Amino acid sequence: MAALRAAKQAMRREIKKRVAALDDQEKLRQSRVISQKLFKHPKYASCERIAVFLSMHDEVRTEEIIQGLFKHGKTCFMPKYLTQGTSNHMDMVKLTSMEDMMSLPLTSWNIRQPAADDNTREEALETGGLDLILMPGLGFDRNGNRLGRGKGFYDTYLERCMKHPKGKPYTIALAFREQLCQDIPVGHNDVLIDEVLYDVLD
């Protein structure tokens, strides 16, 4: 267990270094390519209830995707993290518009999310479940292994999804090329993702 933790930490440092070397223009370019790939994806076309993360500076930009979700008439959900103490609880709550998103307060991670006392929003698993989750992460391999930030928010949430009548949603990770690895070290609690979308070099 300690060896796995150490291997993950070493890989996190390495990937963070690679992503930090990307300038904003290149991050934006790759993000746009990934957004267009997603919009043409058959799973995207067939899915109605979609959860998407609000991106941090070292993640694929998701603003264009969120705009697309509203434009294409999808029902959009976003993460609400409960971060007291060592909690790794996350809900996926409904977002109604781009204006709604821009009105949310900023967290200490500099991402927007509903305030802790905002309990008025629909939570996906309390209603119709989810069809698709667009996944963040630090690193990915082509076998569907994902390296998160070590908090376990998404792994725990996916386990909850499996108990929902709708079952586990399809999962697509959004990644910069620099986040792809040969092999990601994983433990038994790490949930496989179905697919990784990235900008393929011609």
Side-chain angles (χ1 to χ4, degrees), residues 15 19 27-81 90-98 100-101 104 109 111-114 121-125 128-142 144-149 151-162 164 166-180 184 190-200:
I15 296 165
V19 173
K27 284 178 187 168
L28 196 57
R29 189 197 67 74
Q30 288 194 41
S31 298
R32 283 184 175 144
V33 171
I34 292 160
S35 299
Q36 292 311 309
K37 276 188 161 191
L38 176 71
F39 295 148
K40 291 174 188 160
H41 198 292
K43 276 287 179 190
Y44 177 83
S46 65
C47 288
E48 166 56 33
R49 293 165 66 88
I50 300 175
V52 59
F53 60 97
L54 273 54
S55 47
M56 293 199 279
H57 70 283
D58 58 353
E59 294 172 334
V60 168
R61 304 286 184 265
T62 56
E63 291 89 345
E64 191 178 340
I65 290 169
I66 295 166
Q67 280 175 335
L69 289 174
F70 293 122
K71 187 177 149 192
H72 304 139
K74 309 289 186 185
T75 306
C76 178
F77 293 86
M78 60 162 288
K80 180 181 178 183
Y81 304 99
M90 175 180 77
D91 288 326
M92 288 292 184
V93 296
K94 191 173 178 180
L95 200 57
T96 58
S97 65
M98 290 302 288
D100 182 22
M101 183 189 87
L104 297 173
W109 299 335
I111 52 171
R112 296 185 184 278
Q113 83 160 18
R121 294 173 185 271
E122 176 188 337
E123 204 291 316
L125 295 183
L130 288 166
D131 302 314
L132 171 65
I133 299 183
L134 302 174
M135 305 272 291
L138 278 177
F140 311 91
D141 66 25
R142 288 173 178 82
N145 293 309
R146 168 183 172 272
L147 181 69
R149 293 177 188 271
K151 301 276 189 194
F153 286 117
Y154 278 85
D155 292 323
T156 306
Y157 192 78
L158 286 169
E159 281 169 20
R160 283 170 59 204
C161 288
M162 289 173 201
H164 190 275
K166 196 167 203 167
K168 178 181 171 286
Y170 195 79
T171 49
I172 298 179
L174 310 177
F176 296 125
R177 277 200 310 267
E178 290 71 15
Q179 292 177 288
L180 292 174
I184 295 284
D190 296 309
V191 181
L192 273 178
I193 48 177
D194 295 302
E195 200 174 333
V196 183
L197 275 193
Y198 57 96
D199 176 23
V200 182

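The model shown is predicted, which means the values in this text are computed figures rather than measured ones.
Between Asp100 and Arg112 there is no salt bridge, since no side-chain nitrogen of the basic residue lies less than 4.0 Å from a carboxylate oxygen of the acidic one. Salt-bridge check for Asp131 with Lys166: passed, with a basic side-chain N closer than 4.0 Å to an acidic carboxylate O. Using a 4.0 Å cut-off between a side-chain N of Lys or Arg and a carboxylate O of Asp or Glu, Glu59 and Arg149 qualify as a salt bridge. Salt bridge Arg142/Glu195: absent, no basic N to carboxylate O contact under 4.0 Å. Of the charged side-chain nitrogens involved, at least one lies within less than 4.0 Å of a carboxylate oxygen, so that Asp199 and Arg29 count as a salt-bridged pair.
Within 6.0 Å of NZ in Lys37 there are more than 12 heavy atoms belonging to other residues, nucleotides or ligands. Around atom NE2 of His72, more than 12 heavy atoms belonging to other residues, nucleotides or ligands sit under 6.0 Å away.
Here the OH-CD1 distance, from Tyr170 to Ile133, works out to 13.0 Å after rounding to the nearest 0.5 Å. Residue Leu104 holds its CG atom at 6.5 Å from CG of Leu95, rounded to the nearest 0.5 Å. Between Thr96 atom OG1 and Met101 atom CE the span is 11.5 Å, to the nearest 0.5 Å. If you take CZ on Arg146 and CG on Asp155, they are separated by 6.0 Å, rounding to the nearest 0.5 Å. Rounding to the nearest 0.5 angstrom, the gap separating the CD atom in Gln36 from the NZ atom in Lys40 is 6.0 Å. A distance of 6.5 Å separates CG of Leu134 from CD1 of Ile50, quoted to the nearest 0.5 Å.
Leu174 is not listed as a side-chain neighbour of Met135, based on a closest heavy-atom distance of 4.5 Å or more. Phe140 places a side-chain heavy atom less than 4.5 Å from the side chain of Ile193. Within the 4.5 Å cutoff, the side chain of Ile34 has no heavy atoms near those of the Ser31 side chain. Between Pro79 and Phe153 the shortest side-chain heavy-atom distance does not fall below 4.5 Å. Here the side chains of Val52 and Leu69 are in contact, with some heavy-atom distance below 4.5 Å. At least one side-chain heavy atom of Phe176 sits less than 4.5 Å from a side-chain heavy atom of Val19. At a threshold of 4.5 Å between non-hydrogen side-chain atoms, the residues Met162 and Val191 count as touching. Asp58 places none of its side-chain heavy atoms less than 4.5 Å from the side chain of Gln179.
Looking only at distances, a side-chain donor or acceptor of Gln113 sits under 3.5 Å from a matching main-chain atom of Tyr81. No donor-acceptor distance shorter than 3.5 angstrom exists from the side chain of Ser35 to the backbone of Glu64, with no hydrogens or angles considered. For the pair Ser55 (side chain) and Thr62 (backbone), a donor-acceptor distance under 3.5 Å is present. Without hydrogens or angle criteria, Lys71 side chain to Ile66 main chain gives no donor-acceptor distance under 3.5 Å. Between the side chain of Asp194 and the backbone N or O of Ile172 there is no donor-acceptor pair closer than 3.5 Å. In terms of modelled atom types and a separation under 3.5 Å, the side chain of Asp91 and the main chain of Lys80 share no donor-acceptor contact. A distance-only check finds a donor-acceptor pair linking the side chain of Arg49 to the backbone of Gly129 [under 3.5 Å]. Between the side chain of Asp141 and the backbone N or O of Gly144 there is at least one donor-acceptor pair closer than 3.5 Å.
Partners of Arg61 by side chain to side chain donor-acceptor pair (under 3.5 Å), not counting sequence neighbours: none found. Tyr157 meets the ring pair (Phe, Tyr, Trp, His ring centres under 6.0 Å) test with no other residue; sequence neighbours excluded.
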Problem set entry | Intermediate values then yes/no, side chain to side chain contact (heavy atoms under 4.5 Å, CB included), Val200 and Val33 | CA-CA 9 Å; Val200 182; Val33 171; over 6 Å; no

For this session: Go through Leu125 and Met92 one step at a time and tell me if the side chain to side chain contact (heavy atoms under 4.5 Å, CB included) criterion holds.
Result: CA-CA 8 Å; Leu125 295 183; Met92 288 292 184; over 6 Å; no

Exercise. Yes or no on side chain to side chain contact (heavy atoms under 4.5 Å, CB included) for Leu132 and His41, after CA distance, side-chain angles and deciding distance?
Worked result: CA-CA 12 Å; Leu132 171 65; His41 198 292; over 6 Å; no

Problem set entry | Steps toward side chain to side chain contact (heavy atoms under 4.5 Å, CB included) verdict (Leu38, Ile65) | CA-CA 8 Å; Leu38 176 71; Ile65 290 169; 3.8 Å; yes

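Figure legend: cation-pi geometry between Lys74 and Tyr44, with NZ or CZ positioned under 6.0 Å from the six-membered ring centre and within 45° of its axis. With Phe77 as the aromatic partner, Lys94 does not meet the cation-pi criteria of under 6.0 angstrom to the ring centre and within 45 degrees of the ring axis.
Side-chain contact check for Tyr198 and Gln30: no donor-acceptor pair (N or O, by modelled atom type) lies under 3.5 Å.
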